[in-house]
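Each remark here refers to the structure printed beneath this line.
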Amino acid sequence: MRSGSKNLVILGMQWGDEGKGKIIDLLSRNFSYVVRFQGGNNAGHTIVVNGETLALHQVPSGTLHPKCFLVVANGVVLNLEVFNQEIDRLKQRGVDVLSRLMLSEKAHVILPHHILLDQWREGGAGRIGTTGRGIGPAYEMKSSRMGVRLGDFLHPETLHTRMELGYREVAARLGSQSALPSLEEIIERTQSWVAPLKRCIGNTQTLLYDAWEQKSPILFEGAQASLLDIDHGTYPYVTSSNCSVGGLLAGTGLSHHAIDMVCGVTKAYATRVGDGPFPSEIDGSLGETIRTRGKEFGTTTGRPRRCGWFDIPVVRHGVQINGAGGLAIMKLDVLDGLEEIKIILGYSDGSGGFTRHLPGHESDWKEVSPIEKTFRGWGKTAACKQWSDLPKEAQTYLKFIEDNMGCPIAYVSTGADRREGFFMSDILSSFMEPS
Ligand code: GDP
Ligand code: IMO
Ligand code: MG
């Protein structure tokens, strides 16, 4: 085993959209590899450089740094049509991806009938507000051993049989009324999406193991977040993968030795898109103000995001299940100018008890009511580049969060652009070379 590695994991601590894309872009010029290991094109990771915005769904967020090798590992489910579109869009901007990309032969493919099934379910009683991208059905097929992997397209002799299994099941569920294309049509279409990517398909596990052994720095890019984790999130209002650190090991084939630091990303407030528990949700015009200021509309679906206050039990849960050693606090500037700002300290459980633990069951979430602490607002933090530039009230707010987290603040973000924000301590800056 080698020692002295510098591999970093970036994970969401809330319900997604914390600003992972920004921090990954900011850090990735110092890494040789940026790796997606779970989720699919339900993710929408935004990067803003010099006023230009780039939204990425499946291409890793290190893409703007030409020396970064991009890896889509086995735990991801891939929509190949969307992936090609992303690559084309990047090419139009002068960013070449195909020469520095490997897609795992073991990554599962999201097929057109998975998307139809997801959308069909969302029209029924089991609706949870998914992105409608076929993520659930693709992971479901994987678990029930009827999935189709990228490597299957390198074996045309068995492809039809492999595809037929899952297709038949979905067809039976959707019935003849659905707009389900024929199996032959789906195979043809999918093959045409695989064709431009064929030379990028390979064994990402050995690629990453060798990189780790050679001490090449690796940045792992989480998608979604702890509260959307299939095991540790607000089930059933979750996504279908383990988006916490456990998903990294299964999703890459690397061991825990490959992880040197986990950085948790959280907003200075909270948002959630889709249905499900959200105790700190702010109703009415204040919620609307934060939504508008924070541009809280889904990167993937354009849906308005529900807005709420920073919730200590939620983020502590994320810190605990992921072993986060530092927190990146994003979008502080969105709270600028508010008279009062609240933080959820814990929950009253209905019988007068106070808890900082998250309920385990959907029904229990309905029973809890948040206990808030109110802070004085501040003037302006937008574009602040150091701690001493922040108004005193903002410093008090952040210190309170840090003291209650058991995890130091590593970065404070004060605007969407790469340049807006600053590192605290050397938790993350130790991963950066001087520019
Ligand atoms: P991700 O899914 O975690 O990568 O986050 P998204 O990209 O879906 O959503 C975060 C949004 O906030 C994007 O539009 C970012 O450009 C934006 N953003 C990130 N950091 C900041 C910040 O500090 N301030 C402001 N105002 N916007 C930010
Ligand atoms: P990033 O990586 C926010 C939510 C959906 C829905 C639930 C299940 O940008 O943070 P799915 O389509 O995954 O089956 O939907 O998960 N969701 C996200 N919310 N950010 C995301 O990704 C999300 N990916 C999925 O809204 O509630
Ligand atoms: Mg997002």
Side-chain angles (χ1 to χ4, degrees), residues 10-26 36 38-49 51-58 60-61 77 79 110 114-115 117-119 121-122 127-140 221-230 233-241 243 264-278 290 292-306 328-336 381-384 411-422:
I10 302 289
L11 298 173
M13 296 286 104
Q14 298 167 307
W15 285 278
D17 303 326
E18 294 88 353
K20 299 178 291 294
K22 171 181 168 168
I23 193 98
I24 291 158
D25 165 66
L26 177 68
R36 276 283 306 270
Q38 46 69 231
N41 62 320
N42 46 351
H45 296 176
T46 315
I47 297 170
V48 182
V49 186
E52 263 196 73
T53 301
L54 175 65
L56 297 166
H57 301 285
Q58 294 174 117
S61 297
V77 287
N79 181 317
I110 303 171
H114 300 158
I115 300 169
L117 181 59
D118 188 5
Q119 294 173 354
R121 281 188 184 139
E122 283 292 295
R127 179 204 139 85
I128 63 149
T130 71
T131 58
R133 299 298 190 260
I135 306 298
Y139 276 117
E140 194 177 320
E221 172 173 358
Q224 291 80 53
S226 313
L227 274 280
L228 292 173
D229 184 283
I230 182 87
T234 47
Y235 195 88
Y237 302 95
V238 293
T239 191
S240 300
S241 65
C243 10
V265 188
T266 168
K267 281 176 184 165
Y269 50 100
T271 60
R272 168 162 213 167
V273 57
D275 304 343
F278 189 16
I290 295 176
T292 309
R293 282 207 204 151
K295 301 197 177 100
E296 297 295 0
F297 296 89
T299 313
T300 301
T301 57
R303 289 178 292 174
R305 295 175 182 151
R306 300 155 66 192
I329 304 213
M330 314 300 283
K331 305 191 86 161
L332 183 66
D333 55 294
V334 173
L335 302 177
D336 287 0
T381 67
C384 278
Y411 179 79
V412 177
S413 181
T414 55
D417 196 276
R418 212 190 248 174
R419 292 162 305 183
E420 294 172 316
F422 53 91

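Given the structure is predicted, the values throughout are model-derived calculations rather than measurements. Atoms within each ligand, like the ligands themselves, are counted from 1 in listed order.
Of the options D333, L335, T46, T414, the smallest heavy-atom separation from atom 24 (N) of ligand 1 is shown by D333.
Across G136 and S240, no two heavy atoms sit closer than the pair CA-OG, 3.3 Å. For the residue pair A225 and G16, the shortest heavy atom distance occurs at CB-N, 3.3 Å.
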**OP:** Could you check T271 against V273 for side chain to side chain contact (heavy atoms under 4.5 Å, CB included), going step by step and ending with a plain yes or no?
**Re:** CA-CA 7 Å; T271 60; V273 57; over 6 Å; no
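No more than 12 heavy atoms of other residues, nucleotides or ligands lie within 6.0 Å of OH in Y235, so this atom counts as exposed by the packing criterion.
With a 4.0 Å cut-off on non-hydrogen atoms, R305 touches ligand 1 through its side chain and not its backbone.
With R293 contributing its side chain and V334 its backbone, the two residues share a donor-acceptor pair below 3.5 Å. S226 places a side-chain N or O within donor-acceptor distance of the main-chain N or O of G12, the cut-off being under 3.5 Å. At least one donor-acceptor pair closer than 3.5 Å links the side chain of E420 to the backbone N or O of A416. Side chain of Q14 to main chain of K267: a donor-acceptor pair is present (N/O by atom type, distance under 3.5 Å, no hydrogens or angles).
When the ring pair (Phe, Tyr, Trp, His ring centres under 6.0 Å) test is applied to Y269, no partner is found at least two apart in sequence or on another chain. Residues that satisfy the side chain to side chain donor-acceptor pair (under 3.5 Å) test with D333, not counting sequence neighbours, are absent from this structure.
Donor-acceptor pairing under 3.5 Å is lacking for the side chains of T131 and R133. Judged by distance alone, the side chains of T381 and D336 do bring a donor and an acceptor atom under 3.5 Å apart. In summary, the side chains of R121 and T130 do not present any donor paired with an acceptor at a separation below 3.5 Å, with no hydrogens or angles considered. A donor atom on one side chain and an acceptor atom on the other are found under 3.5 Å apart for N42 and Q224.
For atom 2 (O) of ligand 1, the closest non-hydrogen atom of the protein is G44 O, 2.8 Å. Summary of contacts: the protein heavy atom closest to atom 10 (C) of ligand 1 is D17 O, 3.6 Å. Of all protein heavy atoms, the one closest to atom 4 (O) of ligand 1 is G21 N, 2.8 Å. The protein heavy atom nearest to atom 23 (O) of ligand 1 is S413 OG, 2.5 Å.
At a 3.5 angstrom cut-off on N or O pairs, M330 does not count as close to ligand 1.
Evaluated for a side-chain hydrogen bond (donor to acceptor under 3.5 Å, both in side chains) with E221, the options K20, H45, Q38 yield exactly one hit, H45. In summary, of the residues considered (R305, R306, R303, R272), a salt bridge (charged side-chain N to carboxylate O under 4.0 Å, His left out) with E296 occurs for R305 alone.
Ligand 1 places these atoms under 4.0 Å from at least one heavy atom of H45: 1 (P), 2 (O), 4 (O), 7 (O). Near G19, meaning under 4.0 Å from one of its heavy atoms, ligand 1 places the atoms 1 (P), 3 (O), 4 (O), 5 (O). Counting atoms of ligand 1 from 1 in the listed order, those under 4.0 Å from a heavy atom of V48 are 16 (O). Every atom of ligand 1 with a heavy atom of E18 under 4.0 Å away is listed here by number and element: 3 (O), 5 (O). Set against the non-hydrogen atoms of K22, the atoms of ligand 1 under 4.0 Å away are 20 (N). Residue contact check: A416 has heavy atoms under 4.0 Å from atoms 16 (O), 18 (N), 21 (C), 22 (C), 24 (N), 25 (C), 27 (N), 28 (C) of ligand 1. Of all atoms in ligand 1, listed by their number and element, those nearer than 4.0 Å to a heavy atom of V334 are 26 (N).
Ligand 1 lies out of reach of Q224, whose nearest heavy atom is not under 4.0 Å from it. The shortest separation from a heavy atom of K331 to ligand 1 is under 4.0 Å, placing the residue in contact. Using a 4.0 Å cutoff on heavy atoms, G16 does not count as a contact of ligand 1.
Distances from the Mg ion (ligand 3) under 2.8 Å pick out these protein N/O/S atoms: D17 OD1, G44 O.
Taken from CD in E18 to CD1 in I23, the straight-line distance is 12.0 Å, to the nearest 0.5 Å. Expressed to the nearest 0.5 Å, how far CD1 of I135 lies from OG1 of T239 amounts to 6.0 Å.
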Pick out the protein N or O atoms lying less than 3.5 Å from any N or O of ligand 2, and list each pair with its distance.
unit_1, atom_1, unit_2, atom_2, d
ligand 2, 2 (O), H45, NE2, 2.7
ligand 2, 2 (O), Q224, N, 2.8
ligand 2, 9 (O), D17, OD1, 3.0
ligand 2, 9 (O), G44, N, 2.9
ligand 2, 9 (O), G44, O, 3.1
ligand 2, 10 (O), D17, N, 2.8
ligand 2, 10 (O), K20, NZ, 2.7
ligand 2, 12 (O), T131, N, 2.9
ligand 2, 12 (O), T131, OG1, 2.5
ligand 2, 13 (O), N42, ND2, 2.9
ligand 2, 13 (O), T239, OG1, 2.6
ligand 2, 20 (N), D17, OD1, 3.1
ligand 2, 20 (N), D17, OD2, 3.4
ligand 2, 22 (O), Q224, NE2, 3.4
ligand 2, 24 (N), Q224, NE2, 3.2
ligand 2, 26 (O), G129, O, 3.4
ligand 2, 26 (O), V273, O, 2.9
ligand 2, 26 (O), R303, NH2, 2.8
ligand 2, 27 (O), G129, O, 3.4
ligand 2, 27 (O), V273, O, 3.1

